[in-house]
Amino acid sequence: MALHPDDPTHRLILASKSKSRASVLKAVGLQFEQIGSGVDEDALKDALRAEGATVAKQADLLAETKALKVSISHGGVVLGCDQMLDLDGVGLDKVSTRDEAAEILRRLRGKTHILQSAIVACVDGAPVWRHLSQPRLRVRNFSDAFLEDYLDAIGDAAFESVGCYQVEGRGALLFDRIEGDYFSILGMPLLPLLQWLRDRGTIPA
């Protein structure tokens with residue numbers, strides 16, 4: 001879906017190889033390209049944390065950096081996204097082992113955390129629009145037996161997202177309350193993006 005698919009100023013690029021973000025855009029019929037940014041996210045996060053940046057600011061600047069890197073070498077509108085899990089002001093990262101996943105889930109148990117979901121659009125190497133969504137999710141006080149069964153069931157999917165869950169799947173079993181936009185929880189603040197694309201004439205109003 002695009003008003004002027006042959007107009008390079010309306011070319012849409014997602015600066016990410018994320019399957020979940022791409023699936024959200026595809027589901028509403030947007031025409032776009034997917035180009036990985038190649039940004040060293042861990043190094044950038046370390047630098048931002050050393051500077052004392054909030055978790056929300058880290059997500060915003062990571063999204064901007066991804067979009068800027070691709071926008072410098074490509075025309076059109078480049079979208080950079082980033083999502084960080086904010087637990088009491090501390091950003092949690094993805095894990096790589098089952099023991100780490102269990103530790104993270106125990107930290108989240110019985111508490112509310114925020115998903116800082118940032119999106120930044122860049123044109124000609126400069127940011128032109130940004131949005132930050134902050135859904136709040138409360139993890140129920142699950143049992144240790146449930147935790148082991150859950151990790152058995154999801155396998156390597158525990159390593160694919162911060163918080164070791166996907167709310168569109170078995171991850172929903174972890175929660176007793178969710179406040180906020182569903183698409184933002186998936187890492188793509190879709191509704192604000194669509195409104196901005198309408199406002200600039202990229203898609204029909």
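All values below come from the heavy atoms of this structure, side chains included, with hydrogens, waters and symmetry mates left out.
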Between Ser96 and Glu100, a side-chain donor and acceptor under 3.5 Å
yes
Group every Ile, Leu, Val, Met, Phe, Trp and Tyr by side-chain heavy-atom contacts under 4.5 Å, then state whether Leu61 and Leu85 land in the same group.
no
Are His113 and Tyr165 near enough that their ring centres are under 6.0 Å apart?
yes
So with a 6.0 Å cut-off around CG of Asp156, is the heavy-atom count from everything else above 12?
no
Heavy-atom side-chain contact between Leu92 and Val162 under 4.5 Å:
no
Sorted by chain and number, sequence neighbours left out, side chain to side chain contact (heavy atoms under 4.5 Å, CB included) with Asp176 holds for Arg138, Arg140
Are the side chains of Leu62 and Leu44 in contact, using a 4.5 Å heavy-atom criterion?
yes
What is the minimum heavy-atom distance between Val70 and Ala15, and which atoms define it?
CG2-CB, 3.6 Å
Inspect the surroundings of CD in Gln195 and state if more than 12 heavy atoms from other residues, nucleotides or ligands are less than 6.0 Å away.
yes
Heavy-atom nearest pair, Ala56 first then Leu132, reads CB-CD2, 3.8 Å
For residues Gln83 and Arg21, determine if any side-chain heavy atom of one lies less than 4.5 Å from a side-chain heavy atom of the other.
yes
Mind listing the closest non-hydrogen atom pair of Arg11 and Gly75 along with its distance?
NH1-N, 3.7 Å
I'd like to know whether CZ of Arg136 has more than 12 heavy-atom contacts from other residues, nucleotides or ligands below 6.0 angstrom.
no
Measure the shortest side-chain to side-chain distance between Lys94 and Phe159 over non-hydrogen atoms and say whether it is less than 4.5 angstrom.
no
Taking C-beta and beyond as the side chain, do Leu151 and Leu105 meet within less than 4.5 Å on heavy atoms?
yes
Min side-chain heavy-atom separation Leu191-Asp181 under 4.5 Å
yes
Under a 3.5 Å cutoff, is there a donor and acceptor pairing between the side chains of Gln134 and Gln116?
yes
Which heavy-atom pair separates Lys66 from Cys81 by the least distance, and what is that distance?
NZ-O, 2.9 Å
Restricting to pairs with a member in residues 182-205, which pass ring pair (Phe, Tyr, Trp, His ring centres under 6.0 Å), not counting sequence neighbours?
Trp129-Trp196
Is there a donor in the side chain of Ser184 and an acceptor in the side chain of Ser117, or the other way round, less than 3.5 Å apart?
no
Nearest heavy-atom neighbours spanning Arg198 and Ala205
CD-CA, 4.1 Å
Answer whether the closest heavy-atom distance between the side chains of Asp82 and Thr65 falls below 4.5 Å.
no
